[in-house]
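Per chain, numbering begins at 1; letters A, B, ... match sequence-line order.
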Protein chains: 2
Amino acid sequence: MTESSEVIDELKKIVKQKGLKYTEQREVVLNVLLHAEDHLTAEEIYNLIKSENPDSNIGIATVYRALSFLEEVNLIASINFGVDGKKYESNKKEHHDHLICTSCGKIIEFVDNEIEKRQEKIAKKNKFKITSHSMQLYGICPDCQNKK
Amino acid sequence: MTESSEVIDELKKIVKQKGLKYTEQREVVLNVLLHAEDHLTAEEIYNLIKSENPDSNIGIATVYRALSFLEEVNLIASINFGVDGKKYESNKKEHHDHLICTSCGKIIEFVDNEIEKRQEKIAKKNKFKITSHSMQLYGICPDCQNKK
DNA sequence: CTTGCTGCAAAAGATTTGCATATCG
DNA sequence: CGATATGCAAATCTTTTGCAGCAAG
């Protein structure tokens, strides 16, 4: 996993390069995701910020705007976990894919080097310059199979 | 790709087995997805039904209810394409993955047998019973790389 | 018949936008 | 200062629910 401060620096660089402004709020949102174990919804992020920093006066709209921005510049990514709607995660954590139980919502993360290699090969074949990828396997976990 | 009528039969079977009722509306929603090229949002499905069958009087709420039901019994699956929110696709169409250009939005579909095999292996290792999966590689396509 | 399904409209949630103000560069 | 971001509230979606009538088994 990349050092959190490095990512923050990356954000600063991107912002500067685009002639935009570096704000506390964008940093906070990114920071929450860098330290989160889970994938979070916009509202969860908003609540986290509020609870960790009750005096901060950030608005939910700003969280949404920050998330869109961060996703656009590829510092974070969003996935749909079916039941719970759109969730965000940092792109800078160690990469992993997802095994998702559609019955109970359980998520198992995994990495498979073979697949990673094949992905690069496919990208190269199509002359794509890959910035990120996401893979989800949906199914029924062992527990839920037994519940029937 | 499975024959469309076979899937319809499957739906009939599931409905009967659950002691529920077989309705025209559930069939229509499933049918749209079986014949769709793209992944569709609930609203797109609703509009398609309305336009192909202007006299039908289906409500959007019914589309949502049918989609939830069909997803629950694994005849269809939903994916998040990032920008556009939740989209549905049939689970019975020929499978493919996606290479997506984040600059111009172009989508290239592909299938890689190596990856498919690895996915099954991973599922097996975790004792998951896979119902579907989705994989997206995000990047910049050759055209957009040259535009700079 | 009985139970589940539907359409409609209203409700609830989630996300976006307009605008005046505050802040960064 | 000038341009961009922010917070707030209002406006827009999107999705879910309540309910009375309809339809399938």
Novice: Hey, are the side chains of A:I115 and B:D112 touching, using non-hydrogen atoms and a 4.5 Å cut-off?
Specialist: no
Novice: Can you tell me which nucleotide in D:dA24, D:dG2, C:dA14 comes closest to the side chain of B:K21?
Specialist: D:dA24
Novice: Going only through I, L, V, M, F, W and Y residues with side-chain contacts under 4.5 Å, is there a path from A:I108 to A:V111?
Specialist: no
Novice: Which sits closer to the 5' end of DNA chain D, B:V15 or A:R26, going by the nucleotide each is nearest to?
Specialist: A:R26
Novice: Could you give the OH-to-C1' distance, from A:Y64 to D:dT14, as a whole number of Å?
Specialist: 12 Å
Novice: Given B:L67, which partner from the list B:L30, B:L40, B:I45 fulfils the side chain to side chain contact (heavy atoms under 4.5 Å, CB included) test?
Specialist: B:I45
Novice: Write down the distance between NZ (A:K86) and P (C:dT16), rounded to a whole number of angstrom.
Specialist: 7 Å
Novice: So which one's nearest nucleotide on DNA chain C is more toward 5', A:E43 or B:E24?
Specialist: B:E24
Novice: Measure from NZ on A:K18 to P on C:dG25 and round the result to the nearest Å.
Specialist: 16 Å
Novice: With a 4.0 Å limit, can you tell me whether B:N57 has a side-chain N or O closer than that to the phosphate oxygens OP1/OP2 of C:dC8?
Specialist: yes
Novice: Look up atom CG in B:L70 and atom CG in B:L33, then write down how far apart they are to the nearest 0.5 Å.
Specialist: 7.5 Å
Novice: To the side chain of B:I58, which of D:dT17, C:dG7, D:dT6 is closest?
Specialist: C:dG7
Novice: State whether A:T23 places a side-chain N or O below 4.0 Å from either non-bridging phosphate oxygen (OP1 or OP2) of D:dT6.
Specialist: yes
Novice: When the nearest nucleotide of DNA chain C is assigned to A:A42 and to B:K50 on a heavy-atom basis, which residue is associated with the more 5' position?
Specialist: B:K50
Novice: Just how far, in rounded Å, is P of C:dT6 from CZ of B:F69?
Specialist: 10 Å
Novice: Measure from the side chain of B:R65, starting at C-beta and using heavy atoms only, and say which of C:dG25, C:dT15, C:dG7 lies closest.
Specialist: C:dG7
Novice: Rounded to the nearest Å, what distance is computed from the NZ atom of residue B:K12 to the C1' atom of nucleotide D:dA24?
Specialist: 13 Å
Novice: Check the phosphate of D:dG7 against A:T62, side-chain N and O only, distance under 4.0 Å to OP1 or OP2. Yes or no?
Specialist: yes
Novice: Compute the ring centroids of B:H98 and B:H39, then answer whether they are less than 6.0 Å apart.
Specialist: yes
Novice: Roughly, in whole Å, what's the span from CD1 in A:I49 to C1' in D:dT6?
Specialist: 13 Å
Novice: Quick one: B:L70 CG to C:dC5 C1', roughly how many Å, whole number?
Specialist: 14 Å
Novice: D:dA9, D:dT6, C:dT23: which one has an atom nearest the side-chain heavy atoms of A:Q25?
Specialist: D:dT6
Novice: Please report the distance, rounded to the nearest Å, between OH in B:Y46 and P in D:dT16.
Specialist: 16 Å
